[in-house]
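To start, the structure itself, in C-alpha cells.
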Amino acid sequence: MKDTLISYLTSSIPKEFFARLPESLEAAYFQASADSDQKCGDPERVRVRGQLRHYYQNKALRDVAELNSIASFSPHTDPKGERYTLLSTNNVVIGRTAVPFANKVPPAAKHRKAIAAVNARLEPTNLNLFSDQSNCRTAEGLGVLIVTVHPSKAMDQSVPSHFVVGIPYSNLKGWHLFEPVAVILAAYEPSVSAKSIDIAYPTLKKQLQEAEDR
Amino acid sequence: MRNGIQSFQPGRMLQAREARGLTQAAIASMTAKSPATISKWEGGSQTPEAAALSSLSRALAVPEEFLLRPLPNYGDSPYFFRSNSNITSEAQSIARRRLEWLNEISISLQDWIDWPIVNIPKLGEGDHRKLTDGNIESLAGECRRHWAMGNGPIEDVVLLLENAGCICVREALGYDRMDGVSKWFENDHRPYVFLSADKANGVRSRFDAAHELAHLVMHWAVPSIDYSRQPELERQAHLFAGAFLLPAETFAAEVSFPSLDGFLAIKPRWKISIAAMIMRCKQLDIIDDAYALRLWKNYSARGWRKGEPLDGSIEFESMRLLPRAVDMVTGSANVSRNSLLDRLGLGAGDTASLCSLPESYFEPPATVTNLIPTLKLRNDNSAKNESAEIISFPSQIRKPRPT
C-alpha cells in the first residue's frame, strides 16, 4: 500500500512542489516565530506564534502550489469565520495541518474530514443495512495533508521538527501513509548510481608467470 | 656503550612503541627494566641482551626479528594528517607508523606482484600557497576528467583510489577525532592512504578518502608541514573533497530548492553527509548565510549532530588491492601463508589487519585430533567385569483356606 501511494503521489504531483515545500514552510515557520517574538510579550506571544505559524504556512503552501501550476484555493469554513488552504491537482486534494511533537493524530475539522473522506476508497467496506454509504466513496483520487510536526517544548521554537506527507484514514484517526517529505522526494530520484569499474588488480611478476608456464 | 645484541635497531623500537601508543615508562613496566634503560635502548647508546629483546618484542607485540631489521628510508615527503586540531600527537604517531608498515608490506609484496600503475594526477604546482578556491574547484573537475568519470555520483571512492594504484587501509585507532593520513612514499613513488575506522560511518569515511585524495593531487610539492600551514592545507583539501564528490554542475541542478528533506532524499545516491551538502551549497552560493544558519538550526533541532539518517545503511567501502595481492601470492606464486608472514616481517594480527584480511588469516588452521571416544573410568565395583547372579523370585504359595 505504502509504495503504491507514494507512486501515485509522484505520478500526480511535480517533484518541484515537494522540493520547494520544506524550504517555504520552514521560512514561514521561522518568520512566525520572529514576528511573535518581536511584537508580543508573554503570555500572548505563545498564542500569537501558533496563529502566525498557521496563517504563514497556509500562505506559503499556496505560493508553492502557484509556482508549480497547482490550483490553490482559500475557501471559507462552514460555519463561516475562518478560511483554509486547499490545493487540487490530478485528482489529488491537498490540505495542511500541524501536530504536536509526539502525537500523530490531526485535529479534526470539517474541511480536513472532507479531504480525508476521499480516502475511503482505500479502506475495506463495512456494509450497513440501514444506510446507503455507497455515494460517499469516490472511484479515484487521494486526500493528502501536509503535516508540520512542531518541535518539543524543550527545543528551539523557530524551527519545526519536520514535515510529513500524510494520507489520512477517512475518519482522521490514523494514516494510510505518514512519511517525511524526504521519502517522497527520494521516490523521484533514480535509485542507482553509476557503477565504478573495478581494475584494482595486482599482476604477478613476469618471471613468476614464466616459471609457472614452464 | 653497547653491550647487547649488536644488530638491534633503536629506530624499530621507537617505531613499534609509537605504533602501539605506548610510553617508555609503560615499556619499562612491561619488561621489568628501568625507564633509563629503555631510553638508552631507544636512543641507541645501549642494546638489549637476548632475554631482554625477547621480552621487549612481547611488550611491543612484534617479532624479535622485526627489532633487528634496519629501518628503511621512507622519504622526506610530508604526512598529511586529517584530524581535529586538538587531536593528540599520539594518535598522529600511531597512524603514521601504521602507514609506514603498510608501505613496507607493499614493498615486500612487490617481490612477487606488480601493483597497478600509479595514475593519481599531480595537478597544479603542488604548492598550497599558489592555490585559490577557484583553482581548487577547477582541479577537482580536472581530476574527474583525468579519470573520465563524468559528473555523476561516485559509487566507490576507495575503489577509485585503488584503481589508480594507491595503496589503502582502514583500521580503528581508538581515537575518534583522527580521520586519516596520506603520503607519497619516495621509496616506490606511490601514494598510500590510511583511513580511520573509528567513526563507524561509511559516509564520513568516503569523504575522508576524498580528502586524502585532495592532498595527493594538490599538495604533492609541499616540502613539510608545520602548525601554521596545516589549517590552510586542511581547508583546501576539504574544499577539493566537496567539489570532487559533488560537482557544481550536477549537484547544483539537483538542489535548486535546498532543504534538509531534499538533501536526505538524494543522500542514498550521492552517499555524502547532509552536513557536507549544506557546506557545498554555501560554497556554491546556492544559499546565503541566513538560510545556511536556518538549515544548521534545523539540522540540530532534528538531532542530526549526533548522527544523520541513513548513516548506518551506507556501508564502509572495502579494500580490494592488498587482499587480492596476498591471495595471488599464496595461491598462484605458491608461497605458504607462514612464509609470506615471515617475509612481511610483522606479527600475524598486524599483517592481517594492514592487508584488510580476516583476523585469523595467518593463524595456523585447527588440527583434527584423535576423536576416538573413551569409556569413563569408574571407581565403584559395578564397573568390574563380573558375571551377575540371577536370583529367582520365590513362587507365591497360596495358603489353603480354612474350612
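Source: prediction; values computed, not measured. Quick note on labels: first sequence line is chain A, next is B, and so on, each numbered from 1.
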Count the heavy atoms belonging to other residues, nucleotides or ligands that lie under 6.0 Å from NZ of A/Lys15, then report whether that count exceeds 12.
yes
Looking at A/Phe163 and B/Asp261, what are the two nearest heavy atoms and their distance?
CD1-OD2, 4.3 Å
Does any backbone or side-chain atom of A/Ser152 lie under 4.5 Å from a heavy atom of chain B? Answer side chain, backbone, both or neither.
neither
A/Tyr201 and B/Pro116: which non-hydrogen atoms are nearest, and at how many Å?
O-CG, 3.7 Å
Looking at A/Arg47, I'd like to know if its CZ atom is crowded, meaning that more than 12 non-hydrogen atoms belonging to other residues, nucleotides or ligands lie closer than 6.0 Å.
no
Measure across A/Lys205 and B/Asp111 and return the closest heavy-atom pair with its distance rounded to 0.1 Å.
CG-O, 3.7 Å
Between B/Gly262 and A/Leu185, which heavy-atom pair has the shortest distance, and what is it?
CA-CD1, 3.5 Å
In terms of heavy-atom proximity below 4.5 Å to chain B, should A/Asp198 be classed as side chain, backbone, both, or neither?
both
Is it the backbone or the side chain of B/Tyr291 that comes under 4.5 Å from a heavy atom of chain A, or both, or neither?
side chain
How about residues 17-34 of chain A versus chain B: which residues have heavy atoms under 4.5 Å apart?
A/Ala19, A/Arg20, A/Pro22, A/Glu23, A/Glu26, A/Ala27, A/Phe30
Rounding to 0.5 Å, atoms CZ (B/Arg320) and CD1 (A/Ile199) come to a distance of 11.5 Å
Under 4.5 Å heavy-atom distance to chain A, tell me which part of B/Pro309 shows up: side chain, backbone, both or neither.
neither
Specify which of B/Ile266, B/Leu159, B/Val255, B/Asn163 makes the most heavy-atom pairs with chain A at under 4.5 Å.
B/Asn163
If you draw a 6.0 Å radius around CG in A/Leu67, do more than 12 non-hydrogen atoms from other residues or ligands fall strictly inside?
yes
Taking every heavy atom of A/Ser161 against every heavy atom of B/Asn298, the minimum-distance pair comes out as O-OD1, 4.3 Å
More than 12 foreign heavy atoms under 6.0 Å from CE of B/Met279: is that the case here?
no
What closest approach, in Å, do B/Ala265 and A/Ala186 show between heavy atoms, and which atom pair accounts for it?
CB-N, 3.4 Å
Highest number of heavy-atom pairs under 4.5 Å with chain A: which of B/Arg324, B/Glu162, B/Glu254?
B/Arg324
